[in-house]
Amino acid sequence: MSLPQRVRLVEVGPRDGLQNEKLPISVADKVRLVDDLSAAGLSYIEVGSFVSPKWVPQMAGSAEVFAQIQRKPGVTYAALTPNLQGFTAALEAGVQEVAVFAAASESFSQKNINCSIAESLQRFAPLMDAARQKGIRVRGYVSCVLGCPYEGDIAPAQVAQVARELLAMGCYEISLGDTIGVGTPGKTRQLIDVVAQDIPRERLAGHFHDTYGQALANIYASLLEGVAVFDSSVAGLGGCPYARGASGNVASEDVIFMLQGLGIETGVDLEQLFAAGEHICALLGRQNGSRVAQALAAARG
Ligand SMILES: CC(C)(COP(=O)([O-])OP(=O)([O-])OC[C@H]1O[C@@H](n2cnc3c(N)ncnc32)[C@H](O)[C@@H]1OP(=O)([O-])[O-])[C@@H](O)C(=O)NCCC(=O)NCCSC(=O)C[C@@](C)(O)CC(=O)[O-]
């Protein structure tokens, strides 16, 4: 299969990234990050979550962030919503698109959202109805697609089943999450082959954490399988609060550098993205997790 000519990036740094950073970040700094990312040319930004602040305190204040960002035409500003309560709050905050999140592992589902996989799908049903009525698009995540921190290996058929159900409920795209970054390119291709038996490849996205350094290789493997949407996080921020040891998402800078090398268009200005990543890392007091950003910084001396 030939590589796609264009790839759509879903920037999850302000959400998946910041939700697991140790230092709290102010609303103003979150707003600055989102605005820097849109200025760099990212056209889809996951800004925050409308989840319980007792579960994920770092995402409290998402409504304020939505109120203060400068919305750039053509950019989608999305949020994570686990239930109707979160969806209603997101709508009040002017969110344009939401994402629901399920897991392919029962244990992870319990730890992350306090219910079984089947119960989580039931909780999404009224949300999906409300979204349909309001004309809001819903993206679906499946976590632990290539392994679970509690159960180990996960069968691709189990992933396919959850993905199918989310699609049948009305999600327009399914993001396959390698939550703990244990996937390797062969397993990634095998997974996509199985899931794509029921779901068109253009409805699939890849969401790779880089815990074992396999994320870019997995993205390349996914490209070969005809997947052309990838989630990434500026500076490789974050991890998952319910997956101990999970490192951040693949860094957006690294994905863009690789795609540029492959001649694939993303519309993102790497220099501006690098600056955005350096700024947020300075605020967080952490090293930039992007290898490309490290190389650019070193080259500047
Ligand atoms: C889903 C719940 C709420 C269930 O939590 P629960 O305790 O079972 O919920 P509940 O319905 O029994 O309600 C308990 C309390 O939570 C409140 N509540 C209920 N819903 C909401 C809401 N939407 N927003 C704010 N508050 C809410 C509700 O009002 C109540 O408040 P109280 O009466 O005790 O004061 C909880 O487990 C939760 O918020 N979990 C969030 C987990 C999370 O955000 N995880 C990280 C994101 S997923 C991820 O990172 C993976 C992904 C997507 O990136 C892909 C990958 O890498 O794999």
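One-based numbering, in listed order, for ligands and for the atoms of each.
Ranked by closest heavy atom to atom 35 (O) of ligand 1, the top entry among Arg123, Gln19, Lys54, Gln110 is Lys54. Scanning Pro82, Ala99, Cys115, Ser52 for the heavy atom closest to atom 16 (O) of ligand 1 points to Ser52. Of the candidates Leu80, Asn112, Val12, the one placing a heavy atom closest to atom 40 (N) of ligand 1 is Asn112. Among Gln58, Met59, Gln85, the residue whose heavy atom lies nearest to atom 27 (C) of ligand 1 is Gln85. The heavy atom nearest to atom 36 (C) of ligand 1, considering only Tyr141, Phe101, Trp55, is found in Trp55.
Applying the 4.0 Å criterion to heavy atoms of His209 picks out, from ligand 1, the atoms 57 (O). Every atom of ligand 1 is numbered from 1 in the order shown, and the set under 4.0 Å from a heavy atom of Arg15 is 47 (C), 49 (C), 50 (O), 52 (C), 53 (C), 54 (O). Proximity to Asn114 (heavy-atom distance under 4.0 Å) selects the following atoms of ligand 1: 6 (P), 7 (O), 8 (O). Each of the atoms 50 (O), 54 (O) of ligand 1 lies under 4.0 Å from some heavy atom of Asp16.
No side-chain heavy atom of Val194 sits under 4.5 Å from any side-chain heavy atom of Val159. The side-chain heavy atoms of Leu270 and Glu253, taken from C-beta on, include a pair separated by under 4.5 Å. A heavy-atom distance below 4.5 Å is found between the side chains of Asp193 and Arg201. Looking at heavy atoms from C-beta onward, Arg123 lies in side-chain contact with Ile113 at the 4.5 angstrom threshold.
At a 3.5 angstrom cut-off on N or O pairs, Phe50 counts as close to ligand 1. Checked by distance only, ligand 1 and Thr179 come closer than 3.5 Å through their nitrogen or oxygen atoms.
A donor atom on one side chain and an acceptor atom on the other are not found under 3.5 Å apart for Gln110 and Tyr150.
More than 12 heavy-atom neighbours from other residues, nucleotides or ligands sit within 6.0 angstrom of OH on Tyr77.
When each of Asp36, Asp29, Asp35 is checked for a side-chain hydrogen bond (donor to acceptor under 3.5 Å, both in side chains) with Arg32, only Asp36 meets the rule.
Taking the six-membered ring where tryptophan is involved, the planes of Tyr141 and His207 are perpendicular, since the angle between them exceeds 60° and thus also 30°.
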